[in-house]
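The figures that follow rest on heavy atoms only: side chains count, while hydrogens, waters and symmetry mates do not. Whatever order the structure lists ligands and atoms in, that order sets their numbers, starting from 1.
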Amino acid sequence: MDKHRRSQSRLPLVDKITFEEEVSELTDANKRLRRKIFDLYTIFEISVHLNSMSSSDQLLNGILLTCIGQMGVGGAAIMLSPGTFQEEHKSTKMPNDFSLELACTKGLTYKGERFSFCPNRRLYHLMLSQKRPIYYADAVHALEMRQTEISKLNSLEAALIVPMILKNQLRGIMTLTNKISQADFQENDLEFLSILANQLTVAVDNSRLYLSEKEANLKLAAIQKQLVESEKMAALGKLSASIAHEINNPLGIIKNYLLLLKLDLEQNNNTLSSISIIQDEVNRISSIVGQLLDFYRPHKNVFQALNLEGLVKETVGIISRPFEQGGIKIMLNDFHNLSEVNGSFEQLRQVLINILLNAKDSMRDGGFINISSSRNGDFQSISISDCGSGIPKEHLPHIFEPFFTTKEVSNGTGLGLSVSYGIIKNHGGDITVRNNDERGATFTISLPLKDKVKEKSR
Ligand SMILES: Nc1ncnc2c1ncn2[C@@H]1O[C@H](COP(=O)(O)OP(=O)(O)O)[C@@H](O)[C@H]1O
Ligand SMILES: [Mg+2]
């Protein structure tokens, strides 16, 4: 220590002064650097915080409180350009009818209405070109602002005007009152405010984008819901109309025959034949209602691993006799090595019977029905090919629709194929039809292999 003091005291006077100056300069620089680091850190913290706020009001309040606290000013205000995100402006020209709206104030005596502020072109250009805070006094004197706009800035007690710029557009202005200490704003303050304003503009824009996106999504969801509802109602209306139509016919017949029965009973004639007609029609109603219920009633969990070969052979065994009586022989050709599928034995048997009965109806002169099998990737297919009348081209798009039938009222309800379609789709499979090159039609059912499909419940 003594040695050090001795060596210092031995320095010439001029050198000593320069040395002390250097030390003091370095200390100042160090202080400035520490303040800068502190400012930047604060801005970083604020940005993270602000970007997590989704409500605009909360965001603006947060911005103003931060400025007031950091700068030690009495109050602050924010004016923003209305509207949301816009494309980047190529020119720095002020858009016609450009205006800002007072969005939030803090710590001001002004408690009046939220007004619009229209900066003149000179102020607009100055802010866009300088991109840093402007002293209010300079702006008022140098920029020839209109009295109305000056009085608005006065009501906000503006001492400093901080532009908020994004994508080459002036998105808003932040105004700050004088410092409570009446001290001047320092270069550091201006730098801090410029960086902060940038961050805030991004946060405000993000929050607006978020809100407008949320609004658009809500609108879209509402429209979609409406669309689905109206489609559902249309489908339901169509279905109800066809059910009413289908049930109306047998009901009309029943009504007429009940009338006849009444007359017959009075004369004691023909009663038996009327009753059997009524029975037929009641059966018809009950078959329509039964098939509809089958179609729309949720099925219990009756899915199991199925051997399609067994299912087809058993079904053919049951119905082959009435077929043979009509001169129709069911053959199994190319029908082997079938893979197991997951499904309902009862439902799939109903599909097979529906298809086979339709084939029989189309083969007035008898003939062969051929059942074959094939594997396509993860699907096991069964094809049922008849040599009947085939399906007219114009009927092809309609045969799976409920109540589409070309048969006499007493022979068809038009529900067999639509029920079958529902069952196969519910199994995660597909049912298709095509006319054969020569005669007749071929129906193909494809079902996903066991373990390749997750069971669906209707
Ligand atoms: N194998 C087939 N050959 C010719 N036409 C068929 C065949 N299968 C179905 N169709 C046609 O599809 C219509 C609808 O069949 P479906 O839904 O089973 O009702 P339905 O048998 O009660 O008429 C039949 O009326 C018929 O016109
Ligand atoms: Mg049928």
Any N/O of Asp361 closer than 3.5 Å to an N/O of ligand 1?
-> no
Sub-3.5 Å N/O-N/O distance, Lys407 and ligand 1 = yes
Restricting to pairs with a member in residues 340-359, which pass salt bridge (Lys or Arg N to Asp or Glu O under 4.0 Å), not counting sequence neighbours?
-> Glu314-Arg349, Glu340-Lys450, Glu346-Arg349
Hey, could you give me each pair passing salt bridge (Lys or Arg N to Asp or Glu O under 4.0 Å) that has a residue in residues 248-257? Not counting sequence neighbours.
-> none
Considering non-hydrogen atoms of the protein only, which is the closest contact for [atom], and what is the distance?
{"atom": "atom 14 (C) of ligand 1", "answer": "Phe404 O, 3.2 Å"}
{"atom": "atom 3 (N) of ligand 1", "answer": "Ser362 CB, 3.4 Å"}
{"atom": "atom 16 (P) of ligand 1", "answer": "Leu417 N, 3.6 Å"}
{"atom": "atom 5 (N) of ligand 1", "answer": "Ile391 CG1, 3.3 Å"}
{"atom": "atom 11 (C) of ligand 1", "answer": "Ile399 CG2, 4.0 Å"}
{"atom": "atom 26 (C) of ligand 1", "answer": "Thr406 OG1, 3.5 Å"}
{"atom": "atom 19 (O) of ligand 1", "answer": "Gly414 CA, 3.2 Å"}

Can you sort out which atoms of ligand 1 are near Gly412, meaning under 4.0 Å from one of its heavy atoms?
-> 22 (O)
Heavy-atom contacts with Asp386 under 4.0 Å: which atoms of ligand 1 show up? List them by number with element.
-> 1 (N), 2 (C)
Among [options], which residue places a heavy atom closest to [atom]?
{"atom": "atom 4 (C) of ligand 1", "options": "Gly388, Gly390, Ala441", "value": "Gly390"}
{"atom": "atom 7 (C) of ligand 1", "options": "Asn358, Leu356, Asn354", "value": "Asn358"}
{"atom": "atom 23 (O) of ligand 1", "options": "Leu357, Asn436, Thr405, Asn435", "value": "Thr405"}

Please list, one pair per line, the donor and acceptor atoms closer than 3.5 Å that link side chains of residues 319-339 to other protein atoms, with sequence neighbours excluded.
from	atom 1	to	atom 2	distance (Å)
Ser320	OG	Val316	O	3.4
Asn333	ND2	Asn370	OD1	2.9
Ser339	OG	Arg375	NH1	3.0

What class does the angle between the rings of Tyr421 and Phe400 fall in, given that below 30° is parallel, 30 to 60° is tilted and above 60° is perpendicular?
-> tilted
Check the Mg ion (ligand 2) and write out every protein N, O or S atom at under 2.8 Å, as residue and atom.
-> Asn358 OD1
